[in-house]
Amino acid sequence: MAVTGWLESLRTAEKTALLQDGRRKVHYLFPDGKEMAEEYDEKSGELLVRKWRVKSTLGALGQWQIEVGEPALPGAGSPGPEFIKENNANPIFMRKDTKMNFQWRIRNLPYPKDVYSVCVDHKERCIVVRTTNKKYYKKFSIPDLDRHQLPLDESSLSFAHANCTLIISYQKPKEILVAEAELQKELKKVKTAHSSDGDCKTQ
C-alpha cells in the first residue's frame, strides 16, 4: 500500500533531530541523496515547515524548496530590496497546515469572496484557483496525497476570504491522519539534540 511505502521510506531515511527555539527540527537524508527538513512546534506537535533539497546532476546541493511554511524572508542569501518591493503588492502563496486540514493562504488578494472559484482538477491532480475578473489564476498540487497515491475529493475542499487573504482548506483523509500519527511515533525514537544557539544540521 502506498501509505506504508511512504512511511517506510521515512523510517529508513537517515534522521537527525534538534530542539531549538521551541521547535523540533528533523532532517531526513534519503538513499537517493534527497534531503527533507521539517520543523514542528514542540508543544502542539504542529508541522510548521517542510522543505526539500535535491542534488544536481553534478552533485552540487540545490536551493531548499519550501513545501510547507512561510516563503523565505528577505535577509541573508535572499535577493535585495527589489524582492521586498515586489512582495509588498503581489499575491504571496504559502501553505500552513492545521491538525485536521491541509491549508494554503494567498495574501494580497483584495477582491470579495464571490469573485473566487476554487475547484479540483482531477485530470491534473491539482487544485485550481481563479477569479471571475481574471486578475488571479493558480494551480497547485497536494504532494502528501501524491506520495500516498490518494485521490482528490472535491467535497474536502473549502475556502474563506478575510483581510485580503484567501484561505483554502482541504480536509485531511483518514489515511493521512493515521500516517502522520505513525510518523510522530517514529520521530519519538530519534535521539534529539538540545540547542539554544547552535545551528541545526539542516541549515
Side-chain angles (χ1 to χ4, degrees), residues 1-18 23-41 44-57 61-72 93-106 118-129 138-159 167-190 192 200-203:
M1 190 180 169
V3 172
T4 313
W6 171 240
L7 262 178
E8 195 53 40
S9 68
L10 292 177
R11 284 192 182 112
T12 55
E14 192 181 310
K15 294 181 283 294
T16 52
L18 176 73
R23 294 185 174 204
R24 187 160 196 242
K25 302 179 177 185
V26 186
H27 177 262
Y28 304 77
L29 180 60
F30 297 95
D32 61 2
K34 271 187 192 171
E35 294 176 76
M36 181 174 82
E38 292 184 324
E39 295 181 20
Y40 293 89
D41 184 284
S44 69
E46 190 177 308
L47 177 67
L48 303 172
V49 174
R50 179 186 291 134
K51 54 189 179 178
W52 292 86
R53 186 161 67 176
V54 183
K55 282 185 179 175
S56 72
T57 47
L61 286 172
Q63 292 290 317
W64 284 103
Q65 301 297 317
I66 294 175
E67 182 180 310
V68 178
E70 291 273 0
F93 177 85
M94 63 166 287
R95 177 172 153 188
K96 190 182 187 311
D97 293 351
T98 66
K99 282 280 189 192
M100 303 305 291
N101 293 287
F102 300 122
Q103 198 170 84
W104 301 264
R105 291 163 189 262
I106 310 174
V118 181
C119 62
V120 168
D121 182 329
H122 292 283
K123 191 177 176 184
E124 293 197 32
R125 285 187 58 80
C126 66
I127 293 171
V128 180
V129 182
K138 185 165 187 71
K139 292 197 298 188
F140 58 92
S141 63
I142 307 179
D144 308 69
L145 297 186
D146 293 339
R147 287 191 284 265
H148 293 303
Q149 294 175 23
L150 294 169
L152 274 80
D153 181 1
E154 191 102 37
S155 65
S156 298
L157 190 62
S158 62
F159 70 96
I167 301 166
I168 301 160
S169 300
Y170 186 98
Q171 191 174 347
K172 292 178 182 176
K174 63 180 185 300
E175 292 92 339
I176 294 286
L177 296 174
V178 168
E180 288 180 347
E182 285 296 318
L183 176 59
Q184 288 308 309
K185 284 184 202 167
E186 193 65 30
L187 292 180
K188 282 181 179 149
K189 300 175 192 172
V190 180
T192 304
C200 180
K201 287 185 182 181
T202 63
Q203 299 304 307

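Owing to the predicted nature of the structure, the values given are computational and were not obtained by experimental measurement. In what follows, residues are counted from 1 in the order of the sequence shown.
Checking each of L152, I176, N101 against Y170 for a side-chain contact (heavy atoms from CB on, under 4.5 Å) leaves exactly one that passes, namely L152. Checked options R53, K51, R50; the residue passing with E35 is R53 (criterion: salt bridge (charged side-chain N to carboxylate O under 4.0 Å, His left out)).
Salt bridge E67/R95: present, at least one basic N to carboxylate O contact under 4.0 Å.
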Given side chain to side chain donor-acceptor pair (under 3.5 Å), test S169 with Q103 step by step and report yes or no.
CA-CA 4 Å; S169 300; Q103 198 170 84; 3.0 Å; yes
Given E175 and H148, is the side chain to side chain donor-acceptor pair (under 3.5 Å) satisfied, shown in steps?
CA-CA 8 Å; E175 292 92 339; H148 293 303; over 6 Å; no
Could you give me the CA-CA distance, side-chain angles and deciding distance for S141 and R125, then say whether side chain to side chain donor-acceptor pair (under 3.5 Å) is met?
CA-CA 6 Å; S141 63; R125 285 187 58 80; over 6 Å; no
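Side-chain contact between V118 and I127 is present, with heavy atoms from C-beta onward closer than 4.5 Å. For the pair F102/L145, a side-chain contact is recorded, criterion being any heavy-atom separation below 4.5 Å from C-beta on. Contact annotation: the side chain of F140 approaches that of I168 to within less than 4.5 Å [non-hydrogen atoms, C-beta and beyond]. Between F30 and L10 there is a side-chain heavy-atom pair separated by less than 4.5 Å. Between D32 and V54 there is no side-chain heavy-atom pair separated by less than 4.5 Å. Side-chain contact check for Y40 versus V49: every heavy-atom pair is 4.5 Å or farther apart.
Interatomic distance, CG of D97 versus CG of L48, reported as 10.0 Å (0.5 Å rounding). Atoms NZ and CH2, on K34 and W52 in that order, are 6.0 Å from each other to the nearest 0.5 Å.
Residues satisfying the side-chain hydrogen bond (donor to acceptor under 3.5 Å, both in side chains) test with K185, not counting sequence neighbours, are E182. Under the side-chain hydrogen bond (donor to acceptor under 3.5 Å, both in side chains) criterion, E180 pairs with K172, sequence neighbours left out. When the side chain to side chain contact (heavy atoms under 4.5 Å, CB included) test is applied to K139, the partners found at least two apart in sequence or on another chain are E124, C126, V128, Y137.
No more than 12 heavy-atom neighbours from other residues, nucleotides or ligands sit within 6.0 angstrom of CE on M100. Counting heavy atoms of neighbouring residues, nucleotides and ligands inside a 6.0 Å radius, atom NZ of K96 does not exceed 12 of them.
Nearest heavy atom pair, residue A17 against residue R24, reads CB-NH2, 4.4 Å.
Within the 3.5 Å criterion, the main-chain N or O of V26 finds no donor-acceptor partner in the side chain of E38. Looking at K25, its side chain never comes within 3.5 Å of a backbone N or O of R23 through a donor-acceptor pair. The main-chain N or O of F93 is never found under 3.5 Å from a side-chain atom of K138 such that the two would form a donor-acceptor pair. Judged purely by atom type and a 3.5 angstrom limit, K15 has no side-chain atom pairing as donor or acceptor with the backbone of E186.
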